[in-house]
J.: 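Take a look at this one; I'll ask things after.
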Amino acid sequence: MSAYGGRGTGNCGAAGTVYMIDQAHPGGVLIIDNDNLVSTVWTVVSALSSNDVVGDVVIRNGGRFAVADERMLIVNGSWNNAGVFIAATNGTVHFATKSAVTISGNNTFGVISTASGKTINFTVGSQTTVLNALKIRDATLQSTVAGQVWFLNLQQPLAENDIKLVKVQDSDASGGVIVDAYASEDLGNNLNWNIMAPKGTIFMLK
């Protein structure tokens, strides 16, 4: 199954989308694959999109995928970007379920994850750039290989930093502003994070 962009003598069209459900992907997988055609055109989740809920996302072979301004893409699985992805000013990706997921490749987007107890694995050496919202609650953020870093670039003034009850490991956020994490736990090997431990209770004994 394929939905490649048009083949022209110059710039080609954007990739179409393939949505596949099978035994390996019971929740479905959205594929944006452009057969390595050279294109500057984007496949866009816009106001015209009829469904913004997907399972896994795979961007590959020259695919260029974008979320339009004020749109949210709800992802119930993992994210594998071997192409190009960007979200517009207020475009966000919501990792919605409690299941552990992996975010692969370099991505520019707003990230939302509020499912309790979720683990988000970032591939070693990948960079996540946040231009708007970064809202994560009660999750573990870690590298796919312990001891090797993943990069977070939190930008201002557009970024909204709302991180609470997280455990963070192997994250180098030195490319952007400091990342505040409230009532959270530092698991080690982090740069440019301000990780504030939960407040305890004081008992007065006589």
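For the numbers below, each heavy atom of this structure counts, side chains included, while hydrogens, waters and symmetry mates do not. Keep in mind the model is a prediction, meaning the values are calculated, not measured.
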J.: Kindly state each residue pair satisfying side chain to side chain donor-acceptor pair (under 3.5 Å) with at least one member in residues 108-118, sequence neighbours excluded.
T.: Ser116-Asp138
J.: Which other residues end up in the same hydrophobic cluster as Val145, if Ile, Leu, Val, Met, Phe, Trp and Tyr are linked when side-chain heavy atoms come under 4.5 Å apart?
T.: Val124
J.: Quick one: are Val168 and Asn190 in side-chain contact, heavy atoms under 4.5 Å?
T.: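 Heavy-atom side-chain distance check passes, below 4.5 Å.
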J.: Go through the structure and list residues passing side-chain hydrogen bond (donor to acceptor under 3.5 Å, both in side chains) with Trp150, not counting sequence neighbours.
T.: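 Scan of Trp150 (side-chain hydrogen bond (donor to acceptor under 3.5 Å, both in side chains), adjacent residues dropped) gives none.
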J.: Using the test side-chain hydrogen bond (donor to acceptor under 3.5 Å, both in side chains), find all partners of Ser171 that sit at least two apart in sequence or belong to another chain.
T.: Trp193
J.: Share the residues that join Met72 in a hydrophobic cluster, the rule being Ile, Leu, Val, Met, Phe, Trp or Tyr side chains under 4.5 Å apart at the heavy-atom level.
T.: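 When side chains under 4.5 Å apart are linked, the cluster holding Met72 also contains Val53, Ile74, Ile112.
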J.: Would you say the side-chain atoms of Asn90 and Asn132 include a donor-acceptor pair closer than 3.5 Å?
T.: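 Judged by distance alone, the side chains do not pair up.
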J.: If you define the side chain from C-beta out and look only at heavy atoms, does anything of Leu134 sit under 4.5 Å from Leu152?
T.: yes
J.: Can you pull the salt bridge (Lys or Arg N to Asp or Glu O under 4.0 Å) pairs that have at least one residue in residues 171-192, sequence neighbours excluded?
T.: none
J.: Over all heavy atoms of both residues, which pair between Thr123 and Gly105 is shortest? Give the atoms and the distance, please.
T.: OG1-N, 3.5 Å
J.: Please collect all salt bridge (Lys or Arg N to Asp or Glu O under 4.0 Å) contacts where either partner lies in residues 75-86, sequence neighbours excluded, each pair once.
T.: none
J.: Within the side chain of Asn107, is there an N or O that forms a donor-acceptor pair under 3.5 Å with the backbone of Phe109?
T.: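 No.
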J.: If you take all heavy atoms of Ala68 and Ala88, which pair is closest and at what distance?
T.: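 Here Ala68 and Ala88 meet closest at C-CB, 3.7 Å.
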J.: Kindly give the heavy-atom pair with the smallest separation between Ala15 and Asp33, and that separation in Å.
T.: CB-O, 3.5 Å
J.: With sequence neighbours left out, write down each residue that passes side-chain hydrogen bond (donor to acceptor under 3.5 Å, both in side chains) with Asp52, or none if nothing qualifies.
T.: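 Listed in chain order: Arg71.
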J.: Evaluate side chain to side chain donor-acceptor pair (under 3.5 Å) for Asn189 paired with Asp170, printing each intermediate quantity in order.
T.: CA-CA 5 Å; Asn189 197 27; Asp170 297 324; 2.8 Å; yes
J.: Output the rest of the hydrophobic cluster of Phe151: all Ile, Leu, Val, Met, Phe, Trp and Tyr residues reachable through side-chain heavy-atom contacts under 4.5 Å, sorted by chain and number.
T.: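 Listed partners: Val149.
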J.: Just so I know, are the side chains of Ile120 and Gln142 near enough to count as touching, which here means a heavy-atom distance under 4.5 Å?
T.: no
J.: Report yes or no: does Asn192 contribute a side-chain atom to a donor-acceptor pair with the main-chain N or O of Gly176 at less than 3.5 Å?
T.: yes
J.: Please list all pairs passing the salt bridge (Lys or Arg N to Asp or Glu O under 4.0 Å) test where one or both residues lie in residues 94-107, with sequence neighbours left out.
T.: none
J.: At their closest point, which heavy atom of Ala139 faces which heavy atom of Ile136, and how far apart are they?
T.: CB-CG2, 3.8 Å
J.: What pair of heavy atoms forms the shortest contact from Leu37 to Tyr4, and how long is it?
T.: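 Distance-wise, the nearest heavy atoms are CD1-CB, 4.4 Å.
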J.: Using the side chain to side chain donor-acceptor pair (under 3.5 Å) rule, take Asn106 and Gln127 through it: C-alpha gap first, then chi angles, then the decisive distance, then the call.
T.: CA-CA 5 Å; Asn106 298 328; Gln127 177 166 292; over 6 Å; no
J.: Connecting only ILVMFWY residues whose side-chain heavy atoms lie within less than 4.5 Å of each other, what is the rest of Trp42's hydrophobic cluster?
T.: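 Grouped by the 4.5 Å side-chain rule, Val44, Val84, Ile86 form the rest of the cluster around Trp42.
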J.: Do you know the tightest heavy-atom contact between Ala14 and Ser39?
T.: N-OG, 3.9 Å
J.: Shared ILVMFWY cluster between Ile178 and Ile163, side chains joined below 4.5 angstrom?
T.: no
J.: Please name the residue in the list Thr102, Thr128, Asp56, Leu73 that meets the side chain to side chain contact (heavy atoms under 4.5 Å, CB included) test with Trp79.
T.: Leu73
J.: Restricting to salt bridge (Lys or Arg N to Asp or Glu O under 4.0 Å), what partner residues turn up for Arg64, sequence neighbours left out?
T.: none
